[in-house]
A.B. asks: 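Before we start, here is the structure in question, set down as structure tokens.
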Amino acid sequence: MKKAIPALIAIALIIVIGAATLGTGILTKFRYSDNKRDLMEYYELTAPDQVAIVLQNERIEEKAKLHQGVYYLDFPHVQSLLNDRFYADFNEGLLLYTLPDRIVRTEIGSSTYLDGEEKEEPYQISFMEEETLFVALDYVAKYTKFDYATFENPNRMQLRTTWSEAEKAIIKKDTAVRYQGGVKSDILRKIAKEERVTILEEMEKWVKVKTEDALIGYVEKKYLKGRGVVQEQAENTYEEPEYSNLVRDHKINLGWHQVMVESANDTLGEVLANTKGLNVISPTWFTLRDNEGTVGCIASSAYVKDAHNRGLEVWALFDNFTYDISTFENLSFTSKRSKIINSLMEGANTYGFDGINVDFEMLSYDAGEHFVEFIRELSIACRANNLVLSVDNYVPRESTTHYNRKEQGIVADYVIIMGYDEHWGSGGVAGSVASIDFVEDGIMQTVAEVPSNKIINAVPFYTRVWKTKGGTVTSDALGMEAAENFVKNNGVKVDWDDATCQNYGEIQKGDTLYQVWLEDEQSITTKCNIMKKYELGGIAAWKLGFEKPSIWNVIAEYCNS
């Protein structure tokens, strides 16, 4: 027995050591980590003047800037996060904001601004740092509904642009907010009893929360009490002004009149001879003449008087078709835009027309923001002078998003879809000028951004006769009667094509294939039916003089429906 005692003691020691080891392992497994996460790293801050942003309930990559005790945001993110109606003219050193009846203006680097009268702020409204423009958030908030709260150590802000219902809770006992859900996760900060948090996401034992000082992390569910849903309230009471529009209480029936020289104004009676139900005519009178904002004009008072006597409104067309002149150069200078607008208003006062139709085509992507600002500024002048403003647009494609149809639909009276040129003369591919799917897609995409009663869909009064020879494709644009004469004179058999909703025909003559997708009463009727479906504000046509007289019966039926 005495010999066994040492062995028993050894076994007991082994058991004790094993138990202690196991206990230590268990304690280690369930022990709460005391490691603290570096908050500069957490917020991805790399400089002392950077300010992290929590937008609504999400920490975003974009950073604000703390400059001389004032919070700023770089201009691209002012536009993308807060208000894209702010406009920077880097050529003339200006920051603009366009309202329905005026332009708010400040020079970059200044603390003063002009909004009806000169006003001053106790801070720089904007400043340049290297090639980046920064704008004070307090200034942006004068014209934008958002609010923000800032915190230090490290610098961060809670930014809100929407306010909705949120579930809130109270911390019932001192604990920690952790980087992730789990006792081993790093601590972001201690959180005290009675602090309030917003509940973002629930797990089995942990809850993702946002603290009142813009920290997003996790706390154990058992530390929450007083859970309930509250409606968040905006501190900023700014309300977006309404844009008044001259939308008519009837369908627009517009025809474009191509006037290339002043003497062509005398053809008004000729182009109107066979029309029926037309209520707007748009003569091509104004164009850019140089890169200094000069506008060429071939308008006629007698034309306007004659049109008015016939019961027509005149919406003078302004284009950029002089392609050796830079649209970008003209629109990217505030002084040049102002010169253009003044010229158009002088024209309206001199000739007495009723509206302006802007037809700027082949607009480069980098000119997009300047074009949209031009439309905003032009809308102010048109509103003040009781002129209808309409803007022509391609059928929406990814390549034309910079035309910003949504903004056009707010500030302009009508957005016109040029529902044709699906296949165009230099495109190298034969096909319909305006198949029904192409037309409906253009309408559908535009209705998604613009109120339907402000949309006018334009139809073609022309057909292309396509010629394919040796792999080369060319075409001639013919009016409706000329296209039908081509079919008749060349013995082309045409049949209704359900895919395009047009009468299609082709004929091989020697080594040349001729193809034609006709625009006629049937095709225009189908387009009008689609326009009825989407309850559009009217119809337009390019161009007067290319139509058959009978087509006006189709259009009149649509306009009277």
Side-chain angles (χ1 to χ4, degrees), residues 75-76 78-80 82-92 94-106 113-116 126 133 135 139-140 142-145 238-247 286 288 293 295 315 318-320 327-345 348 355-360 363-393 400-416 446 449-451 454-455:
F75 184 68
V78 168
Q79 291 185 309
S80 63
L82 301 177
N83 190 335
D84 63 1
R85 204 163 279 157
F86 277 93
Y87 171 83
D89 178 346
F90 293 106
N91 293 314
E92 299 182 5
L94 300 172
L95 177 66
L96 307 179
Y97 189 74
T98 308
L99 292 163
D101 60 348
R102 65 192 187 279
I103 301 171
V104 181
R105 174 183 178 126
T106 178
Y113 65 105
L114 185 65
D115 183 1
S126 63
L133 173 64
V135 184
Y139 182 74
V140 177
K142 291 180 179 295
Y143 304 100
T144 312
K145 190 167 186 177
Y238 178 81
E239 294 294 337
E240 184 71 27
E242 292 187 10
Y243 284 76
S244 61
N245 295 120
L246 294 174
V247 178
F286 294 94
L288 289 173
V295 176
W315 295 1
F318 174 43
D319 67 42
N320 65 337
T327 303
F328 178 91
E329 183 70 17
N330 274 286
L331 299 187
S332 61
F333 285 78
T334 298
S335 59
K336 295 178 185 180
R337 292 193 308 274
S338 179
K339 181 179 177 180
I340 291 168
I341 292 168
N342 287 339
S343 294
L344 294 174
M345 294 305 107
I356 293 173
N357 174 234
V358 178
D359 186 12
F360 275 29
L363 196 68
S364 62
Y365 186 84
D366 59 354
E369 63 178 320
H370 309 298
F371 171 73
V372 174
E373 179 62 15
F374 169 66
I375 297 299
R376 292 189 191 109
E377 294 173 4
L378 178 59
S379 80
I380 297 173
C382 287
R383 209 170 281 114
N385 289 277
N386 201 36
L387 297 171
V388 177
L389 174 59
S390 59
V391 186
D392 301 340
N393 290 268
T400 60
T401 56
H402 56 292
Y403 278 78
N404 199 344
R405 295 166 187 83
K406 182 178 180 180
E407 184 74 346
Q408 289 183 34
I410 295 171
V411 303
D413 300 302
Y414 288 99
V415 173
I416 300 180
T446 306
E449 296 184 301
V450 179
K454 298 181 73 174
I455 299 172

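Everything numeric here is computed off the predicted structure, so don't read it as measured data.
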A.B. asks: Taking all heavy atoms of Ile341 and all of Ala381, pick out the closest pair and write down the distance.
C.D. replies: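 Closest approach of Ile341 to Ala381: CG2-CB, 3.6 Å.
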A.B. asks: Are Tyr113 and Leu95 close enough that some pair of their side-chain heavy atoms sits under 4.5 Å apart?
C.D. replies: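 No. Closest side-chain heavy atoms not under 4.5 Å.
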A.B. asks: Can a donor-acceptor pair be found, under 3.5 Å and without considering hydrogens, that links the side chain of Asn330 to the backbone of Gly293?
C.D. replies: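 The answer is yes, because a donor-acceptor pair under 3.5 Å joins these two groups.
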A.B. asks: At their closest point, which heavy atom of Leu133 faces which heavy atom of Ser126, and how far apart are they?
C.D. replies: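 Nearest pair, atom of Leu133 first, then Ser126: CD1-CB, 3.8 Å.
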A.B. asks: Is the backbone of Val295 close enough, under 3.5 Å, to the side chain of Lys339 for a donor and an acceptor to pair up by distance?
C.D. replies: no
A.B. asks: Would you find more than 12 non-hydrogen atoms of other residues, nucleotides or ligands less than 6.0 Å from Arg383 atom CZ?
C.D. replies: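 Result for CZ/Arg383: enclosed.
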A.B. asks: At what distance, to the nearest 0.5 angstrom, does OG1 of Thr98 lie from CD1 of Ile375?
C.D. replies: 11.5 Å
A.B. asks: If I compare all heavy atoms of Pro451 with all of Gly409, which pair ends up nearest, and what's the gap?
C.D. replies: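 So the minimum-distance heavy-atom pair works out to CD-O, 4.3 Å.
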A.B. asks: Roughly how far, to the nearest 0.5 Å, is the CG atom of Asp115 from the NZ atom of Lys142?
C.D. replies: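 Going from NZ on Lys142 over to CG on Asp115, the span is 9.5 Å.
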A.B. asks: Quick one: pull up CZ in Phe318 and CG in Leu288 and give me the separation to the nearest 0.5 Å.
C.D. replies: 4.0 Å
A.B. asks: Should we say atom NZ of Lys406 is surrounded by more than 12 heavy atoms from elsewhere, each under 6.0 Å from it?
C.D. replies: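 At most 12 heavy atoms, drawn from other residues, nucleotides or ligands, come within 6.0 Å of this atom.
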A.B. asks: Is a donor on one side and an acceptor on the other found under 3.5 Å between the side chain of Asn320 and the backbone of Thr327?
C.D. replies: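 Answer holds: no.
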A.B. asks: So, Asn91 side chain and Ser332 main chain: donor-acceptor pair closer than 3.5 Å or not?
C.D. replies: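 Here the side-chain-to-backbone pair exists.
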A.B. asks: Pair Asp359, Ile416 - check side chain to side chain contact (heavy atoms under 4.5 Å, CB included), show working.
C.D. replies: CA-CA 10 Å; Asp359 186 12; Ile416 300 180; over 6 Å; no
A.B. asks: Checking side chain to side chain donor-acceptor pair (under 3.5 Å) against Tyr87, which of Arg376, Glu373, His370, Glu377 comes through?
C.D. replies: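 It is His370, the one option of Arg376, Glu373, His370, Glu377 that forms the side chain to side chain donor-acceptor pair (under 3.5 Å) with Tyr87.
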A.B. asks: Under the rule for ring pair (Phe, Tyr, Trp, His ring centres under 6.0 Å), what residues qualify as partners of Tyr365, not counting sequence neighbours?
C.D. replies: His402
A.B. asks: When you compare the side chain of Met345 with that of Cys382, does any pair of heavy atoms fall below 4.5 Å?
C.D. replies: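 They are in contact (side-chain heavy atoms under 4.5 Å apart), so the answer is yes.
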A.B. asks: Holding to salt bridge (Lys or Arg N to Asp or Glu O under 4.0 Å), I want the full list of residues that pass it with Glu242, two or more places apart in sequence or in another chain.
C.D. replies: none
A.B. asks: Kindly determine whether Leu331 and Phe360 satisfy side chain to side chain contact (heavy atoms under 4.5 Å, CB included), including the steps that lead there.
C.D. replies: CA-CA 11 Å; Leu331 299 187; Phe360 275 29; 4.0 Å; yes
A.B. asks: Check whether any side-chain heavy atom of Leu94 sits under 4.5 Å from a side-chain heavy atom of Arg105, and report yes or no.
C.D. replies: yes
A.B. asks: Could you walk me through whether Lys336 and Glu329 pass the side chain to side chain contact (heavy atoms under 4.5 Å, CB included) test, one step at a time?
C.D. replies: CA-CA 9 Å; Lys336 295 178 185 180; Glu329 183 70 17; 3.2 Å; yes
A.B. asks: To the closest 0.5 Å, what do you measure between CG (Leu344) and CG (Leu378)?
C.D. replies: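 One finds 6.0 Å between CG of Leu344 and CG of Leu378.
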A.B. asks: Any non-hydrogen side-chain atom of Val415 less than 4.5 Å from a side-chain atom of Tyr403?
C.D. replies: no
A.B. asks: Pair Val358, Phe371 - check side chain to side chain contact (heavy atoms under 4.5 Å, CB included), show working.
C.D. replies: CA-CA 10 Å; Val358 178; Phe371 171 73; 4.1 Å; yes
A.B. asks: Once rounded to the nearest 0.5 Å, what's the spacing between atom OG1 of Thr334 and atom CG of Asp89?
C.D. replies: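 With rounding to 0.5 Å, OG1 (Thr334) is 3.5 Å from CG (Asp89).
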A.B. asks: Tell me if a side-chain donor or acceptor on Tyr143 pairs with a main-chain N or O of Leu99 at a distance below 3.5 Å.
C.D. replies: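 Pair absent, no side-chain N/O of Tyr143 close to backbone of Leu99.
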A.B. asks: Applying salt bridge (Lys or Arg N to Asp or Glu O under 4.0 Å), name anything that partners Glu240, two or more places apart in sequence or on another chain.
C.D. replies: Arg85
A.B. asks: Which of these, Ile356, Leu246, Val247, sits in a side chain to side chain contact (heavy atoms under 4.5 Å, CB included) with Val388?
C.D. replies: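 With Val388 as partner, Ile356, Leu246, Val247 yield a single side chain to side chain contact (heavy atoms under 4.5 Å, CB included), made by Leu246.
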A.B. asks: Hey, does the side chain of Asp413 reach the backbone of Asn245 with a donor-acceptor pair shorter than 3.5 angstrom?
C.D. replies: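 Such a contact is absent between Asp413 side chain and Asn245 backbone.
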A.B. asks: What's the separation between atom CG in Asn357 and atom CG in Asp392, rounded to the nearest 0.5 Å?
C.D. replies: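 One gets 4.0 Å once the value is rounded to the nearest 0.5 Å.
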A.B. asks: Are side-chain heavy atoms of Thr144 and Phe86 found at a separation under 4.5 Å?
C.D. replies: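 Yes. Closest side-chain heavy atoms under 4.5 Å.
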